[in-house]
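Report on the following structure.
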Amino acid sequence: MSLKGKRILLGVTGSIAAYKSAFLTRLLVKAGAEVQIIMSASAFDFITPLTLATLSKKPVLSKFQKDDSGVWNNHVELGLWADLFLVAPISANTVAKFANGICDNLLSATYLSARCPVMIAPAMDLDMYQHPSVRENLKRLLSFGNQILDAETGELASGLSGQGRMMEPENILEKVEEFFSKTQDFKGKKVQITMGPTQEAIDPVRFISNHSSGKMGYALAEAFLERGADVFVISGPISLKVNKERFHWKDIRSANEMFEAAKALHPKMDISVFAAAVADYAPAKVAKEKIKKNDAELSIHLIKNVDIAYSLGLEKKLNQIHVGFALETENESKNAQSKLKKKNLDIIVLNSMKEAGAGFQLDTNKVHIFHRSGASTQTGISPKNQIASLILDQIKLVPVQV
Ligand code: CTP
């Protein structure tokens, strides 16, 4: 893909991998990007500014003040100028500065001023890369929405072998191209997603629940976020590693709590996605104390839970889109389509229970997507993030003015 017209700020910090930034600069410029390089002082020990200036066809910046001239290198302007701020390689030191708001050089001050997305490619020795302090700092950067181009595994400058090598320039170029090719077609849209299982208490220590992992719901939340939406997640208890800071996130336990949260958000939402595996029934009464095993048999009286998708379907306005899921074991398509109508959905995504590689706890899925119009499309077995992206593409086809 051409990067013509794309403005990239390329930060280079003190790491042996800095020599690779010369090659990276060449690749970016060759792809058509305008590249402005900012070096940290210690990067000078590894590569000369002349090399990078020649390859980027622009003077390299490193200090707050232009040499001799008394003119200020305006980090605020630099931050506004760029479409993407890429730091490759980024040292453990600069990672720590970015994570903690330290701005003692032009590069870190520009980071704080940058309004554009930030991508970083760490490079360091394997033990440094695994150190809890570095992990914690990277986690913080991730929570700020920065994209981390994870270090690759191989031989390191120290002579040791492990994870810590900066991602190869060709692979970084691919990530940059991927970033620019991503459309922001849900920008300005508010989306709520129910996900995960619900837990219905029996007594203070027991509950009724199901095997939902929340993986599909979370993949959808991430896909909406990447495509520019403002994402509100209402999640049942899950053990998935998630990045809550990137979303408006609410944890709930029971179907009733999920319903209350979704109902409160609903009037403001453009899109509501019901990806949760809501328990259909809950104990009529929650025992105050732990139930003792006195008798040979125990009956628990269950009553129907509120159907969140159905109830909010009754309140749906013409400019709102509702997306539901269905899990069927028989008459799959027919049942899914009747659920679509009953719950006033625009799209229903039918999960296949019969396919190997599709289902609750897996990272892959295969779905059949039905529109209210009757149109439908089927996917192959793919990673859940790819399925999520296809579902978003289908949502774009819903003839509703959101
Ligand atoms: N759903 C919901 N609230 C419920 C039950 C289901 O919001 N109490 C939503 C699910 O999130 C999903 C859709 O409705 O988007 C269909 O869920 P599913 O469990 O397949 O259907 P049910 O209506 O529960 O029907 P059944 O279990 O009888 O197949």
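Both backbone and side-chain heavy atoms feed into the values below; hydrogens, waters and symmetry mates do not.
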Query raised in the report: With a 4.0 Å cut-off, would you call K343 and D307 a salt bridge?
Result: yes
Requested in this report: Would you indicate whether the side-chain heavy atoms of L52 and M39 approach each other to under 4.5 Å?
Outcome: yes
Report task. Determine whether more than 12 heavy atoms belonging to other residues, nucleotides or ligands lie under 6.0 Å from atom CD of E315. Result -> yes
Report task. In plain terms, say whether E222 and R246 are close enough for a salt bridge, that is, a side-chain N and a carboxylate O under 4.0 Å apart. Result -> yes
Requested in this report: Return yes if a side-chain donor-acceptor contact under 3.5 Å exists between S108 and N105, otherwise no.
Outcome: yes
Query - I208 and its side chain to side chain contact (heavy atoms under 4.5 Å, CB included) partner, picked from T198, L302, D280 - result: L302
Requested in this report: List the steps and the verdict of ring-ring contact (aromatic ring centres under 6.0 Å, His included) for F247 and Y218.
Outcome: CA-CA 11 Å; F247 306 92; Y218 191 63; 5.7 Å; yes
**Report entry** R253 atom CZ, neighbour heavy-atom count above 12 within 6.0 Å
**Finding:** no
Report summary line: Tightest non-hydrogen contact, residues V29 and K57, listed as CG1-NZ, 3.6 Å
Query raised in the report: Could you give the distance from CD1 (I395) to CG (D270), rounded to the nearest 0.5 Å?
Result: 11.5 Å
Query raised in the report: Hey, does L397 have a side-chain heavy atom less than 4.5 Å from the side chain of H371?
Result: yes
Query raised in the report: Hey, what's the ring geometry for F85 with F98, parallel, tilted or perpendicular (30° and 60° as the breaks)?
Result: tilted
Requested in this report: Output yes when R227 and D185 qualify as a salt bridge under the 4.0 Å nitrogen-oxygen rule, no when they do not.
Outcome: yes
Report task. Rounded to the nearest 0.5 Å, what's the gap from CD1 on I90 to CE on M119? Could you check? Result -> 13.0 Å
Query - Side-chain heavy atoms of I391 within contact of F224, under 4.5 Å - result: no
Query raised in the report: Has the side chain of R135 got a donor or acceptor atom that lies under 3.5 Å from a matching backbone atom of Y129?
Result: yes
Query - Donor-acceptor pair, side chain of Q320 and main chain of K317, under 3.5 angstrom - result: yes
Query raised in the report: Is it true that K396 and D393 make a salt bridge, defined as a side-chain N closer than 4.0 Å to a carboxylate O?
Result: no
Requested in this report: May I ask you to check whether S113 and T110 show a side-chain donor-acceptor distance below 3.5 Å?
Outcome: no
Report summary line: Looking only at heavy atoms, the pair that brings G101 and L112 closest together is O-CD1, 3.7 Å
Requested in this report: Examine distances only and state if a side-chain atom of N344 and a backbone atom of G313 form a donor-acceptor pair shorter than 3.5 Å.
Outcome: yes
Report task. Side-chain contact test, heavy atoms from C-beta onward, threshold under 4.5 Å: evaluate it for L10 versus V87 and give yes or no. Result -> no
Query raised in the report: Is the backbone N or O of M167 less than 3.5 Å from a side-chain atom of N171, with the two atoms forming a donor-acceptor pair by type?
Result: no
Query - Validation row: P89, V12 side chains within 4.5 angstrom (heavy atoms) - result: yes
Query raised in the report: Is E168 salt-bridged to K20, cutoff N-O under 4.0 Å?
Result: yes
Query raised in the report: Do NZ/NE/NH1/NH2 and the carboxylate oxygens of D251 and K244 come within less than 4.0 Å?
Result: yes
Report task. Kindly compute the distance separating NZ (K342) from CG (N335), expressed to the nearest 0.5 Å. Result -> 10.0 Å
**Report entry** side-chain contact (heavy atoms from CB on, under 4.5 Å) between S143 and N243, worked out
**Finding:** CA-CA 7 Å; S143 77; N243 211 324; 4.1 Å; yes
Query - Verdict with supporting geometry, R372 and I347, side-chain contact (heavy atoms from CB on, under 4.5 Å) - result: CA-CA 6 Å; R372 180 193 278 271; I347 283 183; over 6 Å; no
Report task. Enter the distance from I16:CD1 to M166:CE here, rounded to the nearest 0.5 Å. Result -> 12.0 Å
Report summary line: All heavy atoms of A88 vs all of A121, minimum pair found to be CB-CB, 3.7 Å
Query raised in the report: What distance do I37 atom CD1 and S21 atom OG have between them, rounded to the nearest 0.5 Å?
Result: 7.0 Å
Query raised in the report: Are the side chain of Q337 and the backbone N or O of S333 linked by a donor-acceptor pair below 3.5 Å?
Result: yes
Report task. Given side-chain contact (heavy atoms from CB on, under 4.5 Å), test K189 with D230 step by step and report yes or no. Result -> CA-CA 6 Å; K189 301 292 172 228; D230 201 7; over 6 Å; no
Query raised in the report: Around atom CD of E289, are there more than 12 heavy atoms of other residues, nucleotides or ligands at under 6.0 Å?
Result: no
Requested in this report: Please say whether more than 12 non-hydrogen atoms of neighbouring residues, nucleotides or ligands are located less than 6.0 Å from CZ in F207.
Outcome: no
Query raised in the report: Do S158 and D125 have side-chain atoms, one donor and one acceptor, less than 3.5 Å apart?
Result: yes
Report task. Of all the heavy-atom pairs spanning G164 and L156, show the shortest one and how long it is. Result -> C-CD2, 3.7 Å
**Report entry** D203 side chain vs R206 backbone, donor-acceptor pair below 3.5 Å
**Finding:** yes
Query - Backbone of L142 reached by a side-chain donor or acceptor of N146 within 3.5 Å - result: no
Query - NZ/NE/NH1/NH2 to OD/OE distance under 4.0 Å, E257 and K250 - result: no
Query raised in the report: Does the side chain of N365 pick up a donor-acceptor pair with the side chain of N351 at under 3.5 Å?
Result: yes
Query - Flag, side chain of R140 to backbone of A99, donor-acceptor distance under 3.5 Å - result: yes
Query raised in the report: Checking D346 side chain against H322 main chain: does a donor-acceptor pair fall under 3.5 Å?
Result: yes
Requested in this report: With side-chain contact (heavy atoms from CB on, under 4.5 Å) as the test, would you mind laying out the steps for I321 and K316 before giving the verdict?
Outcome: CA-CA 8 Å; I321 293 179; K316 190 172 82 144; over 6 Å; no
Requested in this report: Would you check if there is a donor-acceptor pair between the side chains of Q192 and H266 at a distance under 3.5 Å?
Outcome: no
**Report entry** K58/E34 salt bridge by N-O under 4.0 Å criterion
**Finding:** yes
Query raised in the report: Y111 versus I120: any side-chain heavy-atom pair under 4.5 Å?
Result: no
Query - Minimum-distance pair of heavy atoms, taken over all atoms of L220 and F325 - result: CD1-CZ, 3.6 Å
Query raised in the report: Is any side-chain heavy atom of T194 closer than 4.5 Å to a side-chain heavy atom of V273?
Result: no
Report summary line: Nearest heavy-atom contact between A229 and V191 is CB-CG2, 3.8 Å
Report task. Verify, without hydrogens or angle tests, whether T379 (side chain) and I387 (backbone) share a donor-acceptor contact under 3.5 angstrom. Result -> no
Query raised in the report: Counting heavy atoms not belonging to Y310, are there more than 12 under 6.0 Å from its OH?
Result: no
Query raised in the report: Quick one: CD on Q378 to CG on L350, what's the gap to the nearest 0.5 Å?
Result: 8.5 Å
Query raised in the report: Tell me, do Y281 and N305 make a side-chain contact under 4.5 Å, heavy atoms counted?
Result: no
